[in-house]
Structures are given as C-alpha cells and as structure tokens.
Amino acid sequence: MVSDSELKVAVLGLGYIGLPTAAVIARTGAKVLGVDVHQSVVDTVNSGRVHIEEIDLDGLVSGVVARGNLRASLQIEPADVFVIAVPTPFGEDHAPDIGYVLKAATNVAIVLKPGDVVVLESTSPVGTTEKVAALLAELRPDLKIPGHSVGSPDVAIAYCPERVLPGRILVELIDNDRVIGGVTPRCARKALQFYRRFVRGACVTTTAKAAEMTKLAENAFRDVNIAFANELSLVADHMGVDVWEVIRLANRHPRVNILSPGPGVGGHCIAVDPWFLVSAAPEQTPLIRTAREVNDGKIEHVVARATAMIEASPKARVACLGLAFKANIDDFRESPALKVALELARRFGERVAIVEPYAAVLPAAFDGTGAALTDIDAAIETCGAFVVLVDHDVFRSIPLDERAEKRVYDTRGIWPDQPQVAWNESLRLAS
Ligand code: SAJ
C-alpha cells in the first residue's frame with residue numbers, strides 16, 4: 001500500500017461534499033486534485049478560498065492549498081483513487097438524473113490505469129455503481145473491469161455514500177461510520193483501505209446495491225419521521241392544541257422520539273432522495289410517497305396561517321425570520337422557508353421584511369415584490385408581526401421582553417414562552 005504522502009487522489013465535483021472531502025484527504029498528506037466544471041470554483045479553491053459556507057472549512061482549505069496538497073482544475077489527471085461527488089438531481093417527474101455521474105465516470109475513463117480505485121459517493125438510485133462499471137468497461141476495453149471480465153480485475157469500483165450533516169461536515173466526515181459497497185467483495189476491500197486513511201468511524205463492507213439502498217433508506221427514514229411531526233402539527237393546529245407541548249410530553253415516553261415540525265422539509269437530500277425509492281418501486285412505496293407529500297404540503301399550510309395572521313393585523317409590518325433550509329447555515333436550496341417568505345412577499349409586498357443573517361442580498365426571486373432584507377434589530381423595532389421560519393440561534397436568543405407585544409406565528413417552536421393571544425383563533429380557522 002502506498003504511503004499517504006505518495007497517494008494521488010482525484011475528487012470529481014467540488015460542492016458541499018466534494019470540497020470538504022478533498023480537503024480532509026489532503027490533510028492526511030495525500031496529493032489531491034479537485035476537478036470541477038466551473039472555472040470560478042477552480043479559481044476560488046486554487047487561491048485557498050472556499051465558495052461554500054461550512055464551519056472550519058475555510059481554514060482547512062487555505063492550509064492544504066498553501067502546503068500544495070490540494071489544487072483544483074477543470075481537467076482530470078491520473079490518480080490512484082477517484083472519488084465521484086457530483087449532484088444527482090431529479091426531473092419534473094421525480095425520476096433521478098445520473099447524467100453528471102456518468103459524465104464524471106467518462107472523465108475517469110480517460111486516465112484510468114491498472115491498480116486504481118473508483119468510488120462513487122453521490123446519492124444514487126440502486127444500480128448506478130454497476131452502470132458506472134459497465135460504462136468503464138465499454139470505454140476501456142483494454143482494462144479488466146470488475147463484473148465485466150474474467151480473472152483478477154485491473155481496477156476496483158465501489159459505492160460509499162456520504163452521510164455528513166451540513167454544519168457538521170468536517171466532524172462527521174471523520175467520525176461517522178461508512179458503508180462501503182463493492183461491485184465485488186475485492187472492490188469493497190480496496191475501497192475500505194482508502195477510507196481507513198481518514199475515517200475514524202467503523203467502515204463496513206457490503207455490495208454496491210445494498211450500500212446504494214442504505215443511503216436512500218436513511219434519508220427516507222428521516223423524511224417519514226419529520227412527516228409524522230408535521231402531520232401532528234396540522235392536527236394540533238386544527239384542534240387548537242400546542243403541538244410543541246404535546247411532543248415534549250410524548251417524548252417523555254421511553255420509546256417515543258418525535259422529531260420537530262417545521263415549515264416543510266428542505267435541502268438537496270431529504271426532500272429529494274426518497275423520490276429515488278418511489279420512482280424505482282412506485283407500488284411498494286405508498287408510505288414514503290405520502291411522507292414526501294405531507295412535508296411538501298406543509299408549506300401551503302404555513303402560508304395560509306401566516307396570511308391569516310397578517311390579515312388580522314392590517315397595519316403591522318411583518319418580519320419573516322429566515323430563508324435557509326435549516327438552522328445556522330447559508331444554504332437556501334429547496335428551502336421551505338424561502339418558499340413561504342416569497343409567497344408572503346408576493347401577497348403583502350412592502351409590508352414584508354425578510355430577516356436572514358446568512359444572506360448579503362435577497363435572492364433574485366424577491367425582485368419586484370417590494371419586500372426588503374432587514375436586520376433583526378430593525379425588524380424588532382419596526383415590525384408588529386413575526387413569522388418564524390428558521391431556528392437560527394440568533395432568532396432563538398431574542399428574549400421575551402423584546403417580542404412579548406408582537407403577533408407571532410412560530411413554525412419552529414423556538415419561543416415556547418411566547419404569550420398565546422386572541423388572534424390565534426384566526427390562525428386556527430385558517431388551518
Ligand atoms: N427538519 C425538520 N424537523 C426535524 C429535523 C429536520 O423539519 O426534526 C428539516 C430541516 O429543517 C431541513 C430538513 O428537515 O429543512 C433536512 O434537515 P436535516 O438536518 O434533517 O438533514 P440534511 O438534509 O441537512 O442532511 C441529511 C442527513 N441525513 C440524515 O440525517 C438521515 C445527513 O446525514 C445526510 O448526509 C444528508 O441528508 C445527505 O447529504 O444526504
């Protein structure tokens with residue numbers, strides 16, 4: 001096995017997963033090349049800076065770039081290990097699009113040589129890693145590709161899903177257990193030797209298909225559980241009961257652990273991945289599909305209740321707190337908070353103040369609505385109504401005396417001490 005400092009790794013895709021992964025591998029002393037299709041990303045990384053917000057990532061990247069262990073390029077180069085971390089979006093019909101994965105594999109094929117290891121980390125429909133192997137076999141008939149040749153194969157191909165939580169990526173990249181699925185058991189063993197270099201958690205080997213489905217199962221599990229909490233919040237709103245109190249009390253049961261309702265489920269993972277299972281096995285997935293629909297439907301419910309509160313306070317300016325898809329991050333992808341705030345901005349225009357400490361300017365979608373980006377102190381001074389959409393720490397820390405007189409619709413339950421006042425009745429009627 002080559003030493004860490006001799007190892008050459010190419011990471012394809014320098015996004016939320018690829019860049020931290022490349023930096024963590026570079027920290028072991030390996031020579032890492034990050035490959036991305038965007039010149040701006042390549043330039044940013046080569047100057048030692050980052051294009052995404054993630055705790056401690058900027059310091060890590062500037063250090064490994066300065067030491068010459070990480071550099072970025074538009075072009076692939078030969079390496080010992082290739083890690084594919086590109087997006088797998090879905091189309092209008094919720095069918096997954098593995099085009100970027102196949103494009104990355106086509107790139108790898110150009111420089112692949114005997115002894116190399118290829119690992120796919122992108123969340124992918126079951127069977128994708130075998131498609132990657134088939135593509136490599138087609139493009140490189142000179143190499144013995146596992147599953148497509150007899151005798152000992154020249155390269156190893158495996159699937160190892162990322163499992164990191166945005167906001168904790170650098171910690172979880174090291175500490176989380178990893179599931180490593182090989183196209184063959186030998187492939188899994190080769191990939192395991194690579195992950196052992198930087199992962200402290202357990203590395204468990206299996207087949208590529210089982211690893212692919214495991215990743216989808218993890219995110220579908222969370223989606224279904226959040227959908228349960230969101231459905232409870234609909235029932236509680238309908239009944240005029242405080243859902244947060246009910247959940248706190250129910251969770252005192254030793255075998256109950258209800259998650260938190262919110263304005264819906266966002267991000268590029270949990271709101272997307274369950275569809276990969278549904279589209280592959282529609283007849284077998286009524287629960288997973290319904291959970292997706294419940295979580296997406298929560299957005300409309302929140303808009304209706306917020307609208308009722310705003311109409312019941314005709315003179316007040318309204319502050320929408322948060323646009324991010326979850327607390328303490330700058331990621332607005334698939335964000336239910338953004339969708340709700342945008343709809344309220346369209347309905348109530350200049351009355352709406354958007355408070356988002358992680359945004360320097362309002363997203364372009366707000367152009368022409370009349371809503372303005374406002375800081376939290378100005379919002380407290382000028383707004384009479386608050387719609388809490390994201391549980392950022394800075395919102396959570398606002399003491400009661402600064403908001404006791406406000407009308408509040410708190411979709412995240414961050415202010416349990418907020419007085420319940422009569423206008424809540426109008427919210428109940430809207431649900
Ligand atoms: N949410 C709730 N209520 C909760 C928990 C979350 O409404 O009780 C919402 C959040 O506000 C957010 C969405 O769900 O809008 C997703 O947030 P999250 O923190 O649950 O998950 P992600 O999308 O940031 O990361 C998930 C993680 N998967 C699991 O926890 C099973 C992470 O480990 C994965 O690596 C990541 O997806 C991914 O990349 O697949």
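For ligands, and for the atoms within them, numbers begin at 1 and follow the listed sequence.
Taking every heavy atom of V164 and a limit of under 4.0 angstrom, the matching atoms of ligand 1 come to 32 (C), 33 (O), 34 (C), 35 (O), 36 (C). Which parts of ligand 1 touch P166 is read off a 4.0 Å heavy-atom cut-off, strictly below it: atoms 24 (O), 25 (O). Every atom of ligand 1 with a heavy atom of K215 under 4.0 Å away is listed here by number and element: 34 (C), 35 (O), 38 (C), 39 (O), 40 (O).
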Walk me through whether R200 and D175 qualify under salt bridge (charged side-chain N to carboxylate O under 4.0 Å, His left out). CA-CA 5 Å; R200 236 187 337 241; D175 287 342; 2.9 Å; yes
Could you go through R305 and D237, starting from their C-alpha distance and side-chain angles, then the distance that decides it, and tell me whether this counts as side-chain contact (heavy atoms from CB on, under 4.5 Å)? CA-CA 9 Å; R305 278 174 63 87; D237 286 350; 3.2 Å; yes
Determine, stepwise, if the pair R407 / S313 fulfils side chain to side chain donor-acceptor pair (under 3.5 Å). CA-CA 8 Å; R407 294 186 164 193; S313 340; 3.2 Å; yes
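Of the candidates N219, L165, N295, it is N219 that places a heavy atom closest to atom 31 (C) of ligand 1. Here atom 18 (P) of ligand 1 lies nearest to R222 when heavy atoms of E162, E218, R222 are compared. In this structure, of A220, P263, S260, P161, the residue bringing a heavy atom nearest to atom 4 (C) of ligand 1 is S260.
Remark: distances from the non-hydrogen atoms of G266 to ligand 1 include one below 4.0 Å. Taking 4.0 Å as the cut-off, R412 counts as a neighbour of ligand 1 on heavy-atom distance.
Residue-environment remark: CD (E231) stays at or below the threshold of 12 foreign heavy atoms within 6.0 Å. By the neighbour-count criterion of 12 heavy atoms within 6.0 Å, atom CD of E300 is sparsely surrounded, having that number or fewer from other residues, nucleotides or ligands.
When all heavy atoms of L120 and Y159 are compared, the closest pair comes out as O-CD1, 3.2 Å. The two residues A324 and F332 come nearest to each other via the heavy atoms CA-CD2, 3.4 Å. Heavy atoms only, all atoms of each residue included: W415 and L321 are closest at CH2-CD1, 3.7 Å.
Protein heavy atom closest to atom 15 (O) of ligand 1, with residue, atom name and distance, is F325 O, 2.7 Å. Among protein heavy atoms, atom 24 (O) of ligand 1 sits closest to K326 NZ, 2.8 Å. Among protein heavy atoms, atom 21 (O) of ligand 1 sits closest to I270 CD1, 3.5 Å. Of all protein heavy atoms, the one closest to atom 33 (O) of ligand 1 is R163 O, 2.7 Å. The protein atom (non-hydrogen) at minimum distance from atom 1 (N) of ligand 1 is I226 CD1, 3.5 Å.
Under the 30°/60° scheme for interplanar angles, the aromatic rings of F194 and F198 are found to stand perpendicular.
Residue E172 has no N or O atom closer than 3.5 Å to an N or O atom of ligand 1. Looking at C269 next to ligand 1, no N or O pair under 3.5 Å apart turns up.
Inspection of the T128 and E212 side chains reveals no N or O donor paired with an N or O acceptor under 3.5 Å.
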